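Quick notes on the structure that follows.
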Number of protein chains: 2
Amino acid sequence: MCNNFKQYLRSYGLNVTVPRLKVFRFLEINDLTTVSAVINHLSGQADRASIYRTISHFRKLGIIHDVVAGGKRMIELTDRFSSHHHHLSCLKCGRSEVVADHKLETDLERISEKKGFRAVSHQIEISGICASCQDD
Amino acid sequence: MCNNFKQYLRSYGLNVTVPRLKVFRFLEINDLTTVSAVINHLSGQADRASIYRTISHFRKLGIIHDVVAGGKRMIELTDRFSSHHHHLSCLKCGRSEVVADHKLETDLERISEKKGFRAVSHQIEISGICASCQDD
DNA sequence: CATTAATTTGCAAAAAAGTCGCAATTAGAT
DNA sequence: ATCTAATTGCGACTTTTTTGCAAATTAATG
């Protein structure tokens with residue numbers, strides 16, 4: 001997936017640099033993270049300003065997108081760089097489970113078409129109480 | 001809907017105050033707005049700090065929730081205080097259309113059940129190019 | 001409707017998050 | 001190995017959000 005990323009950057013005329021690779025690798029390991037988590041994790045290895053610039057590039061190139069989970073703004077790799085999925089976020093323990101459902105996707109396509117909308121991406125966040133938290 | 005809101009605040013032991021009412025009314029009129037839009041609009045009528053405190057209360061009480069639309073973090077009233085709907089956001093012009101689709105809702109319920117998840121709420125954001133922007 | 005206790009506001013100051021210009025460094029092409 | 005353009009790191013700065021506290025407001029009570 002990382003080579004894919006390098007090619008992708010180059011195809012947009014952007015250089016493959018150390019900070020960009022470090023941010024990308026962090027995102028590969030940490031699905032659904034925050035900007036400040038990236039900054040903290042790379043503290044001493046990459047400058048805040050570069051991380052912000054990198055994240056802003058990644059957003060524009062569709063490498064990452066923003067998600068709201070549990071009231072917090074988070075970022076994650078897009079489908080192009082991780083497998084397409086959505087989240088069930090538990091309001092109690094804060095954890096997120098991954099969901100991938102074909103029928104749901106079909107429905108979304110139908111809705112976009114009906115409106116003459118050319119859908120590029122979508123995201124779904126379900127909030128509630130997960131199975132294990134219901135037992136407490 | 002506004003009386004509903006007053007009762008709701010009181011049921012949580014919170015006072016009905018002028019700034020809280022003003023923020024709520026603004027949200028009733030402006031579906032899918034930003035914190036800074038609220039601050040700008042109420043400039044001179046309510047202090048920034050109070051608005052932040054109000055919004056943070058509203059979030060905790062489930063009066064509003066956060067949504068990412070067009071890469072921006074936005075807020076809107078929850079289903080309890082506005083009719084249940086989702087958004088199609090245009091990446092070009094930035095506008096959002098409202099979607100309400102029964103079949104989609106049924107699908108989401110099925111998914112939660114399958115995972116033993118007790119869903120409380122959900123949100124869906126579809127990004128793409130709207131019909132009128134496709135013509136340009 | 002006057003009084004009171006608790007909540008909430010507005011203000012000012014501080015912390016946190018994000019942006020920008022520029023000299024020094026690095027990536028990639030030759 | 002050299003060159004050029006892109007990118008980084010730094011520091012200063014702007015914007016956004018949070019906090020403490022005195023003054024004002026809410027809602028309950030007589």
Side-chain angles (χ1 to χ4, degrees), chain A residues 2-27 30 32-61 63-76, chain B residues 2-27 32-61 63-75:
Chain A
C2 195
N3 289 323
N4 189 1
F5 164 70
K6 290 179 184 173
Q7 287 182 336
Y8 194 75
L9 276 189
R10 290 208 189 90
S11 77
Y12 279 94
L14 292 178
N15 289 348
V16 176
T17 67
V18 175
R20 286 173 186 163
L21 271 170
K22 286 192 172 167
V23 171
F24 184 76
R25 288 205 196 99
F26 182 76
L27 294 172
N30 301 277
L32 213 52
T33 187
T34 61
V35 175
S36 65
V38 178
I39 291 172
N40 286 338
H41 184 259
L42 295 183
S43 153
Q45 301 183 72
D47 190 72
R48 253 196 357 277
S50 299
I51 296 175
Y52 277 115
R53 283 182 289 228
T54 295
I55 285 177
S56 145
H57 267 129
F58 284 12
R59 245 196 291 262
K60 275 181 201 144
L61 301 190
I63 293 173
I64 63 170
H65 63 172
D66 299 79
V67 178
V68 172
K72 277 184 299 185
R73 184 209 199 143
M74 317 204 76
I75 54 174
E76 71 174 352
Chain B
C2 194
N3 289 322
N4 188 2
F5 165 70
K6 290 180 183 173
Q7 287 181 337
Y8 194 76
L9 275 189
R10 291 210 187 89
S11 77
Y12 278 95
L14 292 178
N15 290 348
V16 175
T17 67
V18 175
R20 284 173 188 163
L21 273 170
K22 286 191 171 167
V23 171
F24 183 75
R25 289 206 196 99
F26 182 76
L27 296 172
L32 211 53
T33 188
T34 61
V35 175
S36 65
V38 178
I39 291 171
N40 287 338
H41 184 260
L42 296 183
S43 155
Q45 302 184 70
D47 191 72
R48 258 195 348 277
S50 299
I51 295 175
Y52 276 113
R53 282 182 290 227
T54 294
I55 285 177
S56 144
H57 268 127
F58 283 11
R59 244 197 292 264
K60 275 181 202 145
L61 301 191
I63 293 173
I64 63 170
H65 64 172
D66 298 78
V67 177
V68 172
K72 277 184 299 182
R73 185 211 198 141
M74 316 204 77
I75 54 173

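Order of the sequence lines fixes the chain letters, A, B, ..., with proteins taken first and strands second; residue numbering starts at 1 for each chain. These figures come from a predicted structure and were not determined experimentally.
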Between atom [atom1] in [X] and atom [atom2] in [N], what is the gap in whole Å?
X       : N      : atom1 : atom2 : answer
B:Leu9  : C:dT7  : CG    : C1'   : 13 Å
B:Arg10 : C:dT7  : CZ    : P     : 15 Å
A:Leu14 : C:dT26 : CG    : P     : 19 Å
B:Asn15 : C:dT7  : CG    : C1'   : 5 Å

Subject >> By salt bridge (charged side-chain N to carboxylate O under 4.0 Å, His left out) - contacts of A:Arg59 (at least two apart) >> reply: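 Here the qualifying residues are A:Asp66.
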Working to the nearest 0.5 Å, report the span between CG of B:Leu14 and OG1 of B:Thr54.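 Reported value, rounded in 0.5 Å steps: 9.5 Å.
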Interatomic distance, OG1@A:Thr33 vs CD@A:Glu76, rounded to 0.5 Å, equals 10.5 Å
Is there side-chain contact between A:Asn30 and A:Val38, with at least one heavy-atom pair below 4.5 Å? no
Side chains of B:Ile75 and B:Val67, heavy atoms from C-beta outward: is any pair under 4.5 Å?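 No. Closest side-chain heavy atoms not under 4.5 Å.
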Residue set satisfying side chain to side chain contact (heavy atoms under 4.5 Å, CB included) with B:Ser36, at least two apart, ordered chain then number -> B:Thr34
Hits for side chain to side chain contact (heavy atoms under 4.5 Å, CB included) against B:Thr17, two or more places apart or cross-chain, chain-then-number order -> B:Asn15, B:Pro19, B:Arg20
Would you be so kind as to tabulate the donor-acceptor pairs closer than 3.5 Å made by side chains of residues 43-52 of chain B, with sequence neighbours excluded?
unit_1  : atom_1 : unit_2  : atom_2 : d
B:Gln45 : OE1    : B:Lys22 : NZ     : 3.1
B:Asp47 : OD2    : B:Ala49 : N      : 3.0

Between A:Val18 and B:Ser56, just flag the one whose closest nucleotide in DNA chain D comes earlier from the 5' side.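 Of the two residues, A:Val18 wins.
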Terminal axes of the helix from C:dC1-D:dG30 to C:dT30-D:dA1 (5 end pairs apiece), angle rounded to 10 degrees, sit apart by 50°
Check your understanding: Backbone N or O of B:Ile63 within a donor-acceptor pair of the B:Tyr8 side chain at under 3.5 Å?
Key -> no
Students should find that the nucleotides of DNA chain D closing off the region near chain A, any atom under 4.0 angstrom from a heavy atom, are D:dA6 to D:dA12
| request: Pull out every residue in residues 38-51 of chain B that has a heavy atom closer than 4.0 Å to any atom of DNA chain D, ordered by number, or say none. | output: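 Those residues whose heavy atoms fall under 4.0 Å from DNA chain D, taken from residues 38-51 of chain B in numerical order, are B:Arg48, B:Ala49.
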| C:dT19 OP1/OP2 closer than 4.0 Å to side-chain N/O of A:Arg53 | no
message: If the condition is side chain to side chain donor-acceptor pair (under 3.5 Å), which residues does B:His41 pass it with, not counting sequence neighbours?
response: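 Not a single residue meets the side chain to side chain donor-acceptor pair (under 3.5 Å) criterion with B:His41.
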Item to check | By ring-ring contact (aromatic ring centres under 6.0 Å, His included) - contacts of A:Phe58 (at least two apart) | outcome: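 A:Phe58: ring-ring contact (aromatic ring centres under 6.0 Å, His included) contacts with A:Phe5.
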